[in-house]
Amino acid sequence: MPSQVGGRKWLQGLQAALQNFLKGYPAIVQQLHSTDEDGSDTSHPKAKELLEFLLQADMVKFVHFLVDVINVLSILSRVGKNRNSSIADVFATVASTLEMLSIYQTRPGPKERRVNSVTHFHGYCLEGKGNISDVRNTVLTHLIQRLRGCFRDASQDVVKATMIGSFKLWPTQINQEFGEKEVSVLTAHYEPVLEAANVHIDELDTEWSMLKSEIYARFQNIRTLTWDFVNSVYLHKYPNILTLVDLLLTLPASSAETGRGFSHMQRTKSQMHAKIKADGMTDLLIIQLNSPDINNFDPRKAIHLWNRRTPSSTGDTRPNSDCSSNSESHYESD
């Protein structure tokens, strides 16, 4: 089992602990049986007490209930930590999470149903009635209340309207009315910001309809598109609506990206022996947080730039042009 289930990754730690416990249940019970039968072991009273606890039907059902709940929460956590998730993605996942937890209030989840009426678990006889209805309702009631408060400081209509900023939430087939209400809500809410950015408010509705029509007519799989690509293709035609979309994409979906920023800062300061100045730290963090994934990085441009550098202070006066041309011809031959 994990050494701890606290910290920033407590959800994954608790999930792993419960899964390992259920897989190792026979071995754990067998070990406690052996300890209990060994009269020379001074700790056998504690082993006996723990063994009696593990053989309770309500304990086994409660563990399975927790696995069901944590499996649902893990999906929400994964979406929130994904840097490509928009606020609309998180909001939609919160809604589906609340729906699933509400269902679990009225009936057991898939894991709990497997042990709902069993009297034996892994060959061991369970004791007690195993009724956890009250406990289940208490846990889920408080959890649902917490999740419903996630967006309590924001306008629900505005948060729902941000769905137009996520292609994953677009309908697979064109719907002429899709997004019209959302654009109106967002325009009214962010009107001062849009006007300050020189956006023509009166053109937003028209540009939205035309952009939507062109996207559906040109691309087969809408949900694989990215706004970076759409901007590169249509920014010159529909600058106003794409500015509104850019505004939506700047809204923070969770605190995960902030946490990554602080982690990068701590590692950078440690590597620099805490002597780096604020401006230098800002530049390094901008590079680290906005650079493409290392798997997509092509180092050849950087290598060519390095080969074209001026002679170093070490006295290396060899011409760089030869090195650069050799390197370039080598890569071209590859």
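Predicted model only: the values in this text are computed from it and were never measured.
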| Flag for E112-Y104: side-chain donor and acceptor within less than 3.5 Å | no
| message | If you compare all heavy atoms of F178 against all heavy atoms of K212, which two are closest, and at what distance to 0.1 Å? | response | O-NZ, 2.8 Å
| How close do L140 and L101 get, heavy atom to heavy atom, and via which atoms? | CD1-O, 3.7 Å
List the atom pairs, with distances to 0.1 Å, where a side-chain N or O of residues 191-206 and a protein N or O form a donor-acceptor pair under 3.5 Å, not counting sequence neighbours.
residue: E203; atom: OE1; partner: N240; partner atom: ND2; Å: 3.1

| said: Quick one: does any side-chain atom of K111 pair with a main-chain N or O of V69 as donor and acceptor, under 3.5 Å? | reply: no
| task | Verify side-chain contact (heavy atoms from CB on, under 4.5 Å) between L211 and V230, making sure each step is shown before the conclusion. | result | CA-CA 10 Å; L211 174 64; V230 172; 4.3 Å; yes
| Any donor-acceptor N/O pair, T187 side chain to V183 backbone, under 3.5 Å | yes
| query | Please walk me through it: do L244 and W208 pass side-chain contact (heavy atoms from CB on, under 4.5 Å)? | reply | CA-CA 10 Å; L244 175 59; W208 167 253; over 6 Å; no
| query | Should L66 and F53 be counted in the same cluster of Ile, Leu, Val, Met, Phe, Trp and Tyr side chains packed under 4.5 Å apart? | reply | yes
| message | Taking the side chain as everything from C-beta on, heavy atoms only, tell me whether Y234 gets closer than 4.5 Å to I241. | response | no
| request: Would you name the heavy atoms of I144 and S102 that are closest together and state the gap between them? | output: CD1-OG, 3.9 Å
| note | To the nearest 0.5 Å, atom OH of Y124 lies from atom NE2 of H33 at 5.5 Å
| Any side-chain heavy atom of K160 within less than 4.5 Å of one from E182? | no
| request: Would you kindly say whether T141 and Q105 are connected by a side-chain donor-acceptor distance under 3.5 Å? | output: yes
| query | For the rings on F62 and F65, is their centre-to-centre separation under 6.0 Å? | reply | yes
| task | May I have the step-by-step check of side-chain contact (heavy atoms from CB on, under 4.5 Å) for V63 and M59, ending in yes or no? | result | CA-CA 6 Å; V63 171; M59 191 284 304; 3.6 Å; yes
| message | Do K301 and L305 make a side-chain contact, defined as non-hydrogen atoms from C-beta onward lying under 4.5 Å apart? | response | no
| field | Results of side-chain hydrogen bond (donor to acceptor under 3.5 Å, both in side chains) for N131 - residues two or more places apart only | value | S133
| remark: So CG of L251 and CD1 of I87: to nearest 0.5 Å the spacing works out to 5.5 Å
| query | Do other residues, nucleotides or ligands put more than 12 heavy atoms under 6.0 Å from D134 CG? | reply | no
| field | Donor-acceptor contact below 3.5 Å, side chain S232 vs main chain F229 | value | yes
| remark: V67 and L18 have their tightest heavy-atom pair at CG2-CB, 3.9 Å
| query | Are there more than 12 heavy atoms of other residues, nucleotides or ligands under 6.0 Å from atom NE2 of H142? | reply | no
| request: Report yes if some heavy atom in the side chain of S96 is under 4.5 Å from a heavy atom in the side chain of M100; otherwise report no. | output: no
| query | Can you check whether F91 reaches Q156 side chain to side chain, under 4.5 Å on heavy atoms? | reply | yes
| Looking only at heavy atoms, which two atoms of E180 and S209 are closest? And how far apart? | OE2-OG, 4.3 Å
| What is the distance from atom NZ of K61 to atom CD of Q56, rounded to the nearest 0.5 Å? | 12.0 Å
With a 3.5 Å cut-off and sequence neighbours excluded, list the donor-acceptor pairs that the side chains of residues 162-172 form with protein atoms.
residue: T162; atom: OG1; partner: V159; partner atom: O; Å: 2.5
residue: S166; atom: OG; partner: D89; partner atom: OD1; Å: 2.6
residue: K168; atom: NZ; partner: D89; partner atom: OD2; Å: 3.4
residue: W170; atom: NE1; partner: I164; partner atom: O; Å: 3.0

| task | Indicate yes or no: at least one non-hydrogen side-chain atom of N71 is less than 4.5 angstrom from one of Q19. | result | yes
| Given K237 and E214, is the side-chain contact (heavy atoms from CB on, under 4.5 Å) satisfied, shown in steps? | CA-CA 11 Å; K237 295 175 67 175; E214 286 203 38; 2.7 Å; yes
| Under a 4.5 Å cut-off applied to non-hydrogen side-chain atoms, are H64 and P108 in contact? | no
| task | Give, for atom CH2 of W227 and atom CG of L225, the distance between the pair rounded to the nearest 0.5 Å. | result | 8.5 Å
| request: Could you tell me the separation between the CG atom of L242 and the NE2 atom of H236, rounded to the nearest 0.5 Å? | output: 10.5 Å
| task | Inspect the contact between D279 and K277 and indicate whether a charged nitrogen and a carboxylate oxygen are less than 4.0 angstrom apart. | result | no
| field | Polar side-chain atom of S85 near backbone of V90 as donor-acceptor pair, under 3.5 Å | value | no
| message | Nearest 0.5 angstrom please: E127 CD to L54 CG, how far? | response | 11.5 Å
| task | Check whether any side-chain heavy atom of R218 sits under 4.5 Å from a side-chain heavy atom of V233, and report yes or no. | result | yes
| Is the backbone N or O of R78 less than 3.5 Å from a side-chain atom of N82, with the two atoms forming a donor-acceptor pair by type? | no
| query | Heavy-atom count around R114 CZ within 6.0 Å, excluding the residue itself: above 12? | reply | no
